[in-house]
Asker: 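This structure is in structure tokens; I'll ask about it shortly.
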Amino acid sequence: MTSDTDLMSRPIPHEHASHMHAVPDAPRQDDTVVLSIVMPAYNEARTIRSAVDHVLGTSYPCEIELVVVDDGSHDGTADLLDDITDERLTVTRHVRNMGKGAAVLTGISVARGTHLMPFDADMEYSAHDVAALVQPVIDGRTDVVYGTRLFGQNTVYRSYRYKFGNRAMTFAANVLFDSAISDLHTCLKLVPLPMLRSMELTELGFGLDTEITANVLRLGERPFEVPISYHSRSHADGKKINWRDAVRCIQVLGRVRMAPDNQATANAVQERASRAASAPRFERKAQSLRGGGSMPVAVAVSRSGEAAGASRAAE
């Protein structure tokens, strides 16, 4: 199914990999929203089939694609994915385990939508909440939407430490960026794909989650927050995040906050100003896809399980 080549060693221009995408590269009208849902999976044989069926079996107010990135699993996850046939599904595989952040970056590099949202394969989140996140974008009210876990309401949190840790990290982000977000580490972050590709994302582990939000806030964006449900799992159930990731989170927040202004930041500010000046209030202007940033290479696999090629966003 995959070659034994180290995935980080073969940069292939993003534009050479268009044949691998589930959603065809067809012209879109300005008001069309296409959501790319990216699902990283590492040894998720217990839940991967249920998670994929759940996402593909849910109704959405827009067209979607599901990009599953198998991050070097060795527990049968790959075999379970081979059995699923759906034109909206693209399966991409890493030859070796590279980290959740690397899997999301691969998803960003092969996605074909106007907006992208990560979605965990462990069934902690519900795809039924996604429609409520997409609607404000369709209505033209915002381009960045976060699904916020309101602890104590429609949530199950198995550890007070994780709950407290998330609140502490969220507080730190709000202080550093003068923002007022409620849930820094929610998985359900709906962000325009061009915005993600304009960011200099480097984290290959859980730190990418923090890095994305830090960049969103640094660009001056403030996410529109929508309540979602959440049912956490324990480490015995396969949860992988730990206290070291909290330390890394603080480091990433500080690094992004103190980074010098770059061209991507300037372009984003200019784009927002231009959009605000030329569009009526709440009128959303769709953004065209563009490459950029550094993404890990991945081997994309067709639904029949045969390797379809490799891709990487142009550096």
Asker: Not counting sequence neighbours, which residues clear ring-ring contact (aromatic ring centres under 6.0 Å, His included) with F119? List them please.
Answerer: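 Counting only residues at least two positions away or on another chain, F119 forms no ring-ring contact (aromatic ring centres under 6.0 Å, His included).
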Asker: Give the intermediate values and the outcome of side-chain contact (heavy atoms from CB on, under 4.5 Å) for residues D183 and Y146.
Answerer: CA-CA 8 Å; D183 188 359; Y146 276 24; over 6 Å; no
Asker: With rounding to the nearest 0.5 Å, note down the distance linking OG1 in T77 to CG in D82.
Answerer: 11.0 Å
Asker: State yes or no: do M123 and L188 share one hydrophobic cluster built from I, L, V, M, F, W and Y residues joined by side-chain heavy-atom distances below 4.5 Å, directly or via other members?
Answerer: no
Asker: So, for R93 and L81, which heavy atoms are closest and what is the spacing to 0.1 Å?
Answerer: NH2-CB, 4.0 Å
Asker: H74 vs Y42 aromatic rings, parallel, tilted or perpendicular, using cut-offs 30° and 60°?
Answerer: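 Ring orientation of H74 relative to Y42: perpendicular.
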Asker: Taking atom CE of M169 and atom OG1 of T213, what is their separation to the nearest 0.5 Å?
Answerer: 13.5 Å
Asker: With heavy-atom distances below 4.5 Å as the criterion, would you say the side chains of I48 and V68 are in contact?
Answerer: yes
Asker: Is the Y230 to Y125 ring centre distance short of 6.0 Å?
Answerer: yes
Asker: What's the spacing between F171 CZ and I181 CD1 if we round to 0.5 Å?
Answerer: 12.5 Å
Asker: So, taking the atom named OG1 in T210 and the one named CD in E203, what distance separates them when rounded to the nearest 0.5 Å?
Answerer: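 Rounded to the nearest 0.5 Å, the OG1-CD separation comes to 8.0 Å.
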Asker: Go through T186 and T148 one step at a time and tell me if the side-chain contact (heavy atoms from CB on, under 4.5 Å) criterion holds.
Answerer: CA-CA 6 Å; T186 177; T148 299; 5.7 Å; no
Asker: May I ask you to decide whether R149 forms a salt bridge with D129, counting only side-chain N to carboxylate O separations under 4.0 Å?
Answerer: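 Not counted as a salt bridge, because no side-chain N and carboxylate O are separated by less than 4.0 Å.
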Asker: Could you state the interatomic distance from CG (L116) to CE (M195), rounded to the nearest 0.5 Å?
Answerer: 12.5 Å
Asker: Can you find a heavy atom in the side chain of L66 that is under 4.5 Å from one in the side chain of L56?
Answerer: yes
Asker: Among all residues two or more places apart in sequence or in another chain, which pass the side-chain hydrogen bond (donor to acceptor under 3.5 Å, both in side chains) test with E211?
Answerer: T202, R255
Asker: Should V252 and V175 be counted in the same cluster of Ile, Leu, Val, Met, Phe, Trp and Tyr side chains packed under 4.5 Å apart?
Answerer: no
Asker: At what distance, to the nearest 0.5 angstrom, does CG of D71 lie from CD of E44?
Answerer: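 Interatomic distance, D71 CG to E44 CD, rounded to 0.5 Å: 10.5 Å.
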Asker: Which heavy atom in C62 sits nearest to a heavy atom in L35, and how many Å separate them?
Answerer: SG-CB, 4.0 Å
Asker: So does D75 pair up with R46, basic N to acidic O under 4.0 Å?
Answerer: no
Asker: Salt-bridged, D209 to K100, with N to O below 4.0 Å?
Answerer: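 No salt bridge links D209 with K100.
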Asker: Mind checking what makes side-chain hydrogen bond (donor to acceptor under 3.5 Å, both in side chains) contact with N215, not counting sequence neighbours?
Answerer: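 Result, side-chain hydrogen bond (donor to acceptor under 3.5 Å, both in side chains) vs N215: none returned.
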